[in-house]
Amino acid sequence: MGSISAPPNIPAPMFQDILSARRRSNDFRWASRPYNPSTYFVRGRAKEPKELVASVLQCARVQAVVREIAVKEGRDSRDVAKQAEQILAEMAHDYHLYTVRWFGYVLSKLAKNHFSSIFVNVQKLQQIKDCFQRYPVILLPTHRSYVDFLLLSYVCFTFDLPLPIIAAGMDFMGMMGIAELLRKAGAFFIRRRFGADSLYWALISEYVKRAVLSGCHPMEMFVEGTRSRSGKSLYPKIGLLTSIAELVRDREIPDVLILPISMSYDRTLEETLYARELLGQPKPKESTNGLIKGLRWLQSQSYGSMYVNFGEFISVRETLGECLASPYVDDAIFTKRIQKLGLNVVIEQQKNLVTPLFSVVATIVLAKMSEGERSIGFPKLMNQIHGFRALITPNGSDFGLPLTGETLEWNVRHILTIHSDLVVCPKNEEHIVHFQMGEDETVDGMKFQHYANQFVPLIVPNALLSVLTNSATISDNAQRSTSEESILKDYAFLRELLFDDFIYDRGNEMLEASKASSIFNVYLNKGRSNGHTSRWTTETEEMSKILRLSIEPFLIAYWGVAKTLAQLSIQEDQTESQIVEVKLLGKMSQSYIRQLLGSHFPNHYGALSLDTLNNASMAFIKLGVVTKIKLDSGNSFGMVVKDSQRFAQLIILIENYLPLRSRSKLNAVSSSSVQDFQDLSQLLQLKAKL
């Protein structure tokens with residue numbers, strides 16, 4: 001098997017290509033071979049899927065909820081119990097090994113046709129097998145693609161590990177035939193929203209608990225709750241995680257182990273769909289016909305390599321800590337601990353993510369495109385990639401190199417061919433990389449942003465420092481201090497402001513900034529010591545500019561949301577007809593920002609991402625300057641300014657960091673696009689489109 005290089009603080013070889021063996025053997029024989037999984041924890045006798053469902057229906061909690069609903073709604077308890085049976089029939093998995101074998105065969109065929117490698121961290125496998133025997137294990141992979149859904153099962157089947165049962169969204173239920181195949185491969189289906197439905201809450205919670213204790217399978221779930229369209233980590237959803245932690249809190253079991261798993265791709269299967277969704281186009285409904293059409297289109301596509309890395313196990317017992325010292329655990333404290341657990345999982349996933357090589361290329365390309373350029377010299381591109389690699393490797397990160405044993409340059413050339421719809425090196429101009437932009441530049445620009453977002457989290461500290469030192473230099477405010485203390489204070493503010501876009505370990509902001517500055521200085525001094533002071537100064541200035549440009553789309557997006565809210569003058573005392581829905585606010589902000597790109601701001605397509613615009617709204621709520629209120633007209637929420645004075649100060653503060661071509665022009669820009677939306681009929685029209 002081939003292997004890829006590991007980050008410098010991790011022994012190599014670390015990864016092996018499991019597809020290489022599939023290319024040398026018969027897929028049917030491999031899928032039908034004897035499967036002898038290693039031992040997995042189970043309390044008591046392992047329950048079959050039907051027994052699992054019966055135990056949920058008979059448990060005291062579900063029975064109590066059934067009686068409570070019957071009394072509250074004036075229904076026969078047998079009717080409510082039948083409803084519970086129907087919900088579980090819709091929800092439960094029906095695992096059969098023969099279905100897993102069928103998927104193994106099909107996935108091998110598809111993977112060999114469309115991917116060059118599947119690199120897996122095999123050094124962790126023995127530790128995983130040992131932990132599987134001692135405690136229940138919850139597998140928490142990143143979620144960037146539909147491929148994630150069965151990739152982990154494929155890896156487990158390859159190495160004779162116990163196969164997971166998988167928490168899946170109800171989206172798949174609309175795919176005739178496919179849903180039942182997934183159910184028989186171990187998927188159980190959960191509604192995305194069930195609000196205050198006490199019966200559903202009781203059923204899903206008890207089902208998860210009993211599956212963990214007696215199901216004889218590890219459980220796989222996605223802590224982010226949904227696929228990340230943006231390519232960045234999403235804020236964790238802790239619903240199912242809470243149910244699992246309750247097993248330890250209530251002392252039903254000594255501990256549960258959480259295993260963060262990081263999965264990444266040279267090229268994302270859904271890149272075009274994601275770009276369009278982030279620009280506001282509706283998500284296509286999952287269907288069997290859609291899947292068949294997609295598979296036909298895939299026949300001519302190549303997606304490079306996949307990477308699967310395992311993090312360190314996290315103990316639920318250790319996370320709860322002193323919560324377990326008392327017979328009674330305060331619910332608020334317990335919830336905070338689970339929220340912290342969810343964040344720790346996401347941080348561990350980020351730390352162990354093999355960064356796709358194209359993500360750094362996309363970061364550089366976006367910086368060039370924001371300045372109106374449409375190509376870059378290949379030698380210059382390589383210099384900048386080497387420079388960025390020098391910034392991330394001291395922290396243990398590195399790029400995935402799909403061509404094992406080849407130079408970084410050959411890997412870059414290879415990855416450019418994988419993304420030939422976005423970049424191209426003509427045979428007669430191999431030293432020039434041209435950027436391919438189609439009829440709708442914003443869609444292609446958002447594709448680039450999707451990939452850049454997988455690299456930017458690694459350089460956020462340096463990017464923010466670059467923004468702060470630059471804004472301090474060009475600020476119109478003569479009183480603005482460039483002192484280290486002032487920059488570090490602003491750094492902490494921006495880190496917290498952008499938290500939902502770039503999740504990090506809170507409380508270490510000063511240390512993080514100091515380390516980032518030190519690494520950059522080492523890189524700078526290395527060039528000077530080689531006697532290339534003039535050239536190296538130019539290259540480091542270019543690097544600083546790219547760092548600054550990589551974070552600017554997010555600052556523009558946050559400013560755009562704040563400015564839109566301010567122009568609408570939405571106050572708490574307004575009537576409901578004057579309050580803008582949260583989703584509508586994102587669309588309005590997007591429209592407002594779009595008219596400023598190219599004239600007042602660089603062409604940062606990422607500033608139009610609805611994901612980032614919605615994160616901005618949530619950030620303002622957390623800062624206490626904006627509040628979210630439920631609208632009486634339905635289940636939607638509106639946004640209102642809570643503290644006008646602080647909100648105005650916040651806008652000015654963010655403006656200090658923006659790449660303004662002319663502050664006077666920006667202040668004088670017509671707000672007609674925003675004012676037009678104040679007409680109720682237009683609000684309703686836009687709402688209907690959403």
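Predicted model only: the values in this text are computed from it and were never measured.
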Does Arg548 pair with Glu552 as a salt bridge, N-O distance under 4.0 Å? yes
Any Asp643 side-chain heavy atom under 4.5 Å of Gln645 side chain: yes
Where the side chain of Ser262 meets the backbone of Gln349, is there a donor-acceptor pair that is under 3.5 Å apart? yes
Using a 3.5 Å distance criterion without hydrogens, assess whether the side chain of Thr417 forms a donor-acceptor pair with backbone atoms of His414. yes
Sequence neighbours excluded, which residues qualify as side chain to side chain donor-acceptor pair (under 3.5 Å) partners of Ser145? Glu270
Do Val460 and Ile551 touch side chain to side chain, with heavy atoms closer than 4.5 Å? yes
Counting C-beta onward and ignoring hydrogens, is there a side-chain heavy-atom pair between Leu608 and Leu278 closer than 4.5 Å? no
Applying side-chain hydrogen bond (donor to acceptor under 3.5 Å, both in side chains) to Lys351 and Asn395, what does each step give before you reach the verdict? CA-CA 9 Å; Lys351 186 175 73 173; Asn395 291 318; over 6 Å; no
Exercise: identify the closest heavy-atom pair between Gly624 and Lys642: O-CD, 3.6 Å
Restricting to salt bridge (Lys or Arg N to Asp or Glu O under 4.0 Å), what partner residues turn up for Arg646, sequence neighbours left out? none
Can you measure from CD1 (Ile546) to CD (Glu541) and round to the nearest 0.5 angstrom? 12.5 Å
Measure from the ring center of Trp559 to the ring center of Phe601 and say whether it is less than 6.0 Å. yes
Applying side chain to side chain donor-acceptor pair (under 3.5 Å) to Glu441 and not counting sequence neighbours gives Arg374, Tyr605
In Å and rounded to the nearest 0.5 Å, what is the CG to CE distance from Asn615 to Met618? 8.5 Å
Roughly how far, to the nearest 0.5 Å, is OG1 of Thr612 from CD1 of Ile593? 9.5 Å
Of all the heavy-atom pairs spanning Val346 and Ser233, show the shortest one and how long it is. CG1-CB, 3.6 Å
Arg227 and Asp148 ion-paired at < 4.0 Å: no
Return yes if some donor-acceptor pair links the side-chain N/O of Ser517 with the main-chain N/O of Ala513 below 3.5 Å, else return no. no
Using ring-ring contact (aromatic ring centres under 6.0 Å, His included) as the criterion, list what pairs up with Phe499, not counting sequence neighbours. Tyr504
Heavy-atom side-chain contact between Leu565 and Leu585 under 4.5 Å: yes
ring-ring contact (aromatic ring centres under 6.0 Å, His included) filter on Tyr491, not counting sequence neighbours, yields none
Identify whether the distance between the nearest side-chain nitrogen and carboxylate oxygen of Lys489 and Glu509 falls below 4.0 Å. no
Scanning both residues in full, the closest heavy-atom pair of Pro236 with Ile503 reads CD-CD1, 4.3 Å
Not counting sequence neighbours, which residues clear side-chain contact (heavy atoms from CB on, under 4.5 Å) with Gln281? List them please. Arg276
Taking side-chain contact (heavy atoms from CB on, under 4.5 Å) as the criterion, tell me which of Asn656, Leu658, Asn462, Leu555 meets it with Val467. Leu555
Is there a side-chain contact between Asp444 and Gln436 (heavy atoms, below 4.5 Å)? no
Backbone N or O of Ser466 within a donor-acceptor pair of the Thr469 side chain at under 3.5 Å? yes
Mark yes or no for whether Ser228, through its side chain, and Arg144, through its backbone, hold a donor-acceptor pair below 3.5 Å. no
Asn453 and Thr363, any side-chain heavy atoms less than 4.5 Å apart: no
I'd like to check the salt bridge (Lys or Arg N to Asp or Glu O under 4.0 Å) partners of Glu277; sequence neighbours left out, ordered by chain and number. Arg229
Atom of Met446, atom of Leu279 and distance for their closest heavy-atom approach: CE-CD2, 3.5 Å
Nearest heavy-atom contact between Cys425 and Val433 is SG-CG2, 3.5 Å
What pairs meet the ring pair (Phe, Tyr, Trp, His ring centres under 6.0 Å) rule with one or both residues in residues 438-462, with sequence neighbours excluded? Tyr274-His450, Phe358-Tyr451, Phe388-Phe455, Phe399-Phe455, His419-Tyr451
Could you walk me through whether Tyr592 and Gln567 pass the side-chain hydrogen bond (donor to acceptor under 3.5 Å, both in side chains) test, one step at a time? CA-CA 11 Å; Tyr592 181 55; Gln567 289 175 341; 3.1 Å; yes
Value rounded to 0.5 Å, distance of CD in Gln449 from OG in Ser359: 11.5 Å
How would you list, by chain and number, every residue that makes a side chain to side chain donor-acceptor pair (under 3.5 Å) with Ser305, sequence neighbours excluded? Ser116
Note: Ser617 and Val561 closest approach over all heavy atoms is OG-CG1, 3.8 Å
Contact between Gln454 and Thr268 at the side-chain level, heavy atoms closer than 4.5 Å - yes or no? yes
Indicate yes or no: at least one non-hydrogen side-chain atom of Tyr307 is less than 4.5 angstrom from one of Asp266. yes
How many angstroms lie between atom CD1 of Ile654 and atom CD of Gln649, to the nearest 0.5 angstrom? 12.5 Å
Supply the atom-to-atom distance Leu584 CG to Thr564 OG1, rounded to the nearest 0.5 angstrom. 10.5 Å
If we ignore hydrogens and angles and just use 3.5 Å, is the side chain of Ser397 paired with the main-chain N or O of Thr393 as donor and acceptor? no
Is the ring pair Phe502/Phe554 parallel, tilted or perpendicular, if the boundaries are 30 and 60 degrees? perpendicular
Residue pairs involving residues 492-504 (criterion salt bridge (charged side-chain N to carboxylate O under 4.0 Å, His left out); sequence neighbours excluded): Lys232-Asp501, Arg495-Glu512, Glu496-Arg506, Asp500-Lys622
Just to verify, what does His143 make a ring-ring contact (aromatic ring centres under 6.0 Å, His included) with, not counting sequence neighbours? Phe222
Residues in ring-ring contact (aromatic ring centres under 6.0 Å, His included) with Phe378, at least two apart? none
